[in-house]
Amino acid sequence: MTGIIVQANAALSIQAAAPDKIEPILRNIAQAGAETLESTRRLVRVLHEESNTPLRPGDLLTDLGELVSAHCAAASPGSGPTEAETARLEATAAARVARLRPEVETSAHRVVQEALTNVRRHAPDAHTIVRLDADTERLRVTVTNTPPHRRALTPAGGRGGFGLLGLQERIEALDGTLRAGPLPDGGWEVSAALPLAPSWPRAEPSPSRALTKRPGPSRRSPAP
């Protein structure tokens with residue numbers, strides 16, 4: 001919300017002197033607002049879960065699949081790999097059953113969203129792999145793209161909205177890490193490690209106590 005307010009104030013201050021610069025600012029505000037609403041929706045959905053119910057990233061995987069599909073659909077025909085080869089989503093078995101806190105789920109979604117946006121901006125003809133993995137402590141989200149056929153003049157990291165620099169601060173506040181940089185082959189990789197939610201201890205059933213019938217006093221027949 002802070003970014004939206006700052007950009008709105010900037011638009012008000014330059015509307016008379018530079019009206020041609022208003023439209024990009026309004027587009028950034030619209031995008032940031034949509035992302036904020038999506039984040040709120042996801043947070044409310046997760047908070048509705050019972051506290052002792054494992055939070056599984058099924059919805060996260062569905063949302064990431066939609067991001068990847070949208071990225072493929074936006075690929076320019078004839079400029080590189082076919083739509084089916086533009087990007088794919090991979091998730092290990094450990095990532096599919098990991099417990100995720102709502103803020104971690106939202107941050108993972110934003111990392112992939114921002115990384116794919118930068119791929120479209122800087123390497124639209126590259127092939128991209130979005131991969132989720134997990135161990136006992138961390139969810140790892142990696143977005144890797146091959147080298148572009150044409151070098152972009154704009155720096156990596158994004159403009160406006162939720163850039164990688166802003167995401168890094170957000171993820172570090174969650175005790176996570178975010179790294180982005182070039183690969184030896186000329187490609188680019190964005191990698192985030194986010195803490196998993198603690199496992200809830202299962203209540204062990206109390207051992208059943210067998211009811212033993214104590215023998216009562218024996219009844220003797222009266223003597224004749």
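Residues: numbered from 1 along the sequence shown. Nothing here was measured: the structure is a model prediction, and the numbers come from that model.
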Verify same cluster id: Ile14, Leu26 (apolar side-chain graph, 4.5 Å): yes

Stepwise side chain to side chain donor-acceptor pair (under 3.5 Å) check, Arg170 with Ser107: CA-CA 8 Å; Arg170 176 188 179 92; Ser107 296; 3.0 Å; yes

Side chain to side chain contact (heavy atoms under 4.5 Å, CB included) partners for Val130, two or more places apart: Val68, Leu89, Val112, Leu116, Leu132, Val143

Closest non-hydrogen atom pair between His122 and Pro148, with its separation: O-CB, 4.0 Å

Side chain proximity check, Leu67 to His109, heavy atoms < 4.5 angstrom: yes

Distance (rounded to the nearest 0.5 Å) between Trp188 CH2 and Asn118 CG: 8.5 Å

Separation of Arg99 CZ from Leu139 CG (nearest 0.5 Å): 13.5 Å

Main-chain N/O of Asn145 paired with Thr128 side-chain donor or acceptor, under 3.5 Å: no

Thr92: side chain to side chain donor-acceptor pair (under 3.5 Å) partners, not counting sequence neighbours: Asp133

Shortest non-hydrogen contact between Ala87 and His127, atoms and distance: N-ND1, 4.1 Å

Non-hydrogen side-chain atoms of Leu194 and Glu103 separated by less than 4.5 Å: no

Between CD on residue Gln113 and OG1 on residue Thr106, distance to nearest 0.5 Å: 11.0 Å

Side chain to side chain, Val111 and Ile171, heavy atoms closer than 4.5 Å: yes

Residue list, salt bridge (charged side-chain N to carboxylate O under 4.0 Å, His left out) with Glu189, at least two apart or on another chain: none

Contacts of Glu66 that satisfy side chain to side chain contact (heavy atoms under 4.5 Å, CB included) - sequence neighbours left out: Thr62, Asp63

Same apolar cluster (I L V M F W Y, side chains within < 4.5 Å links), Leu178/Leu60: yes

Closest non-hydrogen atom pair between Ala134 and Ala94, with its separation: O-CB, 3.3 Å

Ile129 with Val141, same ILVMFWY side-chain cluster at under 4.5 Å: no

4.5 Å side-chain heavy-atom contact, Leu196 and Arg138: no

Glu169: salt bridge (charged side-chain N to carboxylate O under 4.0 Å, His left out) partners, not counting sequence neighbours: none

Asp135: partners by side chain to side chain donor-acceptor pair (under 3.5 Å), with sequence neighbours left out: Arg140

For Cys72 against Thr86, the heavy-atom pair lying closest together: SG-CB, 4.0 Å

Criterion side-chain contact (heavy atoms from CB on, under 4.5 Å) on His71 and Val119, from CA distance to verdict: CA-CA 9 Å; His71 176 80; Val119 171; 3.8 Å; yes

Set of salt bridge (charged side-chain N to carboxylate O under 4.0 Å, His left out) partners for Arg179, sequence neighbours left out: none

